[in-house]
Undergrad: 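Provided herewith is a single structure, encoded as structure tokens, for subsequent inquiry.
Order of listing sets the numbers, starting from 1, for every ligand and every atom in it. FYI, the numbering just counts along the sequence from 1.
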Amino acid sequence: MATLSLNTSIEKIPFISTSWRQKLSILNILTVEDLLYHFPSRYDDFSQFKKIVDLLIGETVTIRGQITEIKTKRAWRRRMSITEIYVADDTGTIKAVWFNFVGPLKYAKKDSFVQLSGKTSISKSNELQFQHPNFEIISQKKLLLEEAVSTNSTSTGSIVSIYPETKGLTSFWLRKNIKRILDILEVEESLPKELLKELKFPLLEDALWSIHFPENSTESALAKKRFAFEKMFLFQLKALSVKANWDKNKAPKVKFKKKLIKDFVKSLPFVLTDAQKKSAWQIIQDLEKTTPMNRLLEGDVGSGKTVVATLAILSVISNKFQAALLAPTEVLAVQHYEGISKLLHKLGFKGALLTGSQGRIGQEKISKLKLTKKIALGEVAFVIGTHAILQDNVKFKKLALLNIDEQHRFGVKQRAKLQQGALEIKDGLKTKIPHLLTMTATPIPRTLSLALFGNLDLSIIDEYPKGRKKIITKVISSNNREAVYRFIKQEIAKKRQAFFVYPLVEESSKISQVKAAKTELENLKNGPFADYNLGLLHGKVKPKEKELTMEKFKAKEFDILIATSVVEVGIDIPNASVMVIEGAERFGLAQLHQFRGRVGRGAHQSYCFLITSNNAPSSTKRLHIMEKTNDGFLIAQEDMKLRGPGQFMGITQSGIPDITMESLADTKTIQLARTMAQEFLKNDPLLKKSPSLKKRVDNITASVHLE
Ligand code: ADP
Ligand code: MG
């Protein structure tokens, strides 16, 4: 058979049948490379061989012998089949038992020579046995050798890889076929040889063998390190190339108007935190350059990103350019519009609101058609809205800043589009593109940001405005709901307001979310809160109505706002002091933290109740982290530990492989990869000297954050 290379398609491998190929393709394994980069999640060490007579209870071990008897029984009541095989060597006999197992057992016959690997235990009848050991038929010759020799076996007698559980794809099958592939594979090294030498990493070919069939744990660990580094290195090469491309663009130079900005800051009703000042200063300096800014402003909920964005907008419009601010929802866009335009209108700047359902200039309604004309003529200084701003018919005369709020709330694909949007936005500045400022409340540690957003500059607001009180958080069993209701009534008596969130998990079941919220509204209205004013907000409410509801809530016409996950995004109601989250156990901590951030935004002591009907210790333990801390970075870290960075970031579907995920937690690897990639590109910016490397870098399409 012809040799295989890493980019050979699975289809071309004769020993992989169509049905297996289909199973692989579900996992997105389409090429030899995909398959070989499907790494084990752990290993079983079966490298110890023993004679049957020497076996002890509970040891993990391999034996060799000959089958003396096979019994298959059906346990009808329990609907399963039981297979028992007796294996003998020259010192004794041992029984092995399997339930409902077919696999390689179907080839077992009396007198076959076999190798069994597993853990010994004691049966009910007090006999030493193996339950569900790994099992392979071997040739007689091997059996006769005294010492443990290497055989063709992949599941017994050695360190055996265990792959992540996936439908229909067994570790047994993977081991067997990966070995067959490795035997005939021609491997082209993917990392520069000098780099490997410097880092003392194994060559790709050796590393592939070591990670799937290690001889010892040092070997597999080193291979793993190499692959983690490799992924991160490629990722950084990609990020840096994307950045280099971005930097080729030109952007308008926005001068820093010192007096204007200082006066504005002085006029604010509060003093900026040092972190806000520092971030604003970084942004203002970026705006002064002719290379477009591409900066991520990261700050926990309530850390005060909006005012920093406002400073950037002011800087831009005072230079007679236009600025745009994009929010993920209508409610948030309107809120920003009202807050920001109040400040900027005072200084004589005209702003507009543009969403899917409405247009406004100042406080006046305007048709969207008229508004787009005014935008094109440069008659509005800043536009705040939803992604309606990015539609084709919206053309700016001289857009110098595109600011995207809560960028993590935009879908993975939308995000890519937003960056693209910045490039494509039609404006009168001809060859120039606007500066791009994205904001997120996901508190990602700096190094992790470097890994995920390696092409972006980063500003972090890592402190809260002074005087913010810790939100007192309590995990409450659903049986104790009444106590929460009583508490809320006390708060309402103090003229405070409360949120009730009923967030169902499934995205697809928006309708049932709506139903749940509606039902709950009725229950509360007809029950404990009959004498109170309740409002309802959910995803199916028309934007106008949503806005009205929010306004009413702000105006304290409602005591309680019942909502689906709509409230997650930066809604600002400083008077609300209680957040109740139903079904809290179904949420990631980072998400709960976002919900909680809706309260505690004013001067009042605020409270968050996490109501759960799941009292399992694992579930409550997680929730209790919320009681202990209000620090989003800490919560993010815990969440990441518990769920892995992929889940946590919502990027599991983005194709970043597990090993990269693991290495995301490894700051050293990230930093090393970054530095190495920078050095590497210095000598060969377009990767002309390393075509195979270039191909792999080009193939990174998973980097949704980069493009
Ligand atoms: P986020 O970072 O979550 O977007 P916001 O920008 O909405 O936070 O700010 C939250 C609240 O804190 C707002 O009411 C805002 O006016 C207020 N705020 C912002 N900066 C400060 C500050 N330095 N001191 C006091 N309050 C502030
Ligand atoms: Mg915000």
Undergrad: Does the structure place the NZ or CZ of K466 under 6.0 Å from the centre of the six-membered ring of F270, at an angle of no more than 45° from the ring's axis?
TA: no
Undergrad: Tell me if the centroids of the rings in F499 and F595 come within less than 6.0 Å of each other.
TA: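 Aromatic pair excluded; centres sit 6.0 Å or further apart.
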Undergrad: Does a side-chain N-to-carboxylate-O contact under 4.0 Å join K243 and D247?
TA: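 Salt bridge: yes.
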Undergrad: Between H604, Q497, E491, K469, which is the residue that forms a side chain to side chain donor-acceptor pair (under 3.5 Å) with S577?
TA: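 With S577 as partner, H604, Q497, E491, K469 yield a single side chain to side chain donor-acceptor pair (under 3.5 Å), made by E491.
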Undergrad: For ligand 1, find out whether one of its N or O atoms is nearer than 3.5 Å to an N or O atom of V271.
TA: yes
Undergrad: Between ligand 1 and R468, is the shortest N or O to N or O distance under 3.5 Å?
TA: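 Checking ligand 1 against R468, an N or O pair does fall under 3.5 Å apart.
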Undergrad: Do the ring centers of F487 and Y607 come within less than 6.0 Å of each other?
TA: yes
Undergrad: Is there any N or O on P465 that sits under 3.5 Å from an N or O of ligand 1?
TA: no
Undergrad: Does ligand 1 come near enough to F270 that some N or O of the ligand is less than 3.5 Å from an N or O of the residue?
TA: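 N/O-N/O distance below 3.5 Å does not exist for this pair.
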Undergrad: Please work out whether any backbone atom (N, CA, C, O) or any side-chain heavy atom from C-beta onward of M439 is under 4.0 Å from ligand 1, and answer side chain, backbone, both or neither.
TA: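 Answer for M439: neither.
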Undergrad: What I want to know is whether T306 and ligand 1 share at least one N or O pair that is separated by under 3.5 angstrom.
TA: yes
Undergrad: With a 4.0 Å cut-off, would you call E379 and K374 a salt bridge?
TA: yes
Undergrad: With a 4.0 Å cut-off on heavy atoms, is S303 in contact with ligand 1?
TA: yes
Undergrad: Could you check whether any heavy atom of P574 sits closer than 4.0 Å to an atom of ligand 1, since that is the contact criterion I want to use?
TA: no
Undergrad: What atoms in ligand 1 come closer than 4.0 Å to a heavy atom of D300?
TA: 2 (O)
Undergrad: Using a 4.0 Å cut-off to any heavy atom of V301, which atoms of ligand 1 qualify?
TA: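 Those qualifying, in numeric order: 3 (O).
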Undergrad: Are R360 and E338 ion-paired here, with the side-chain N under 4.0 Å from a carboxylate O?
TA: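 Counted as a salt bridge, because a side-chain N and a carboxylate O are separated by less than 4.0 Å.
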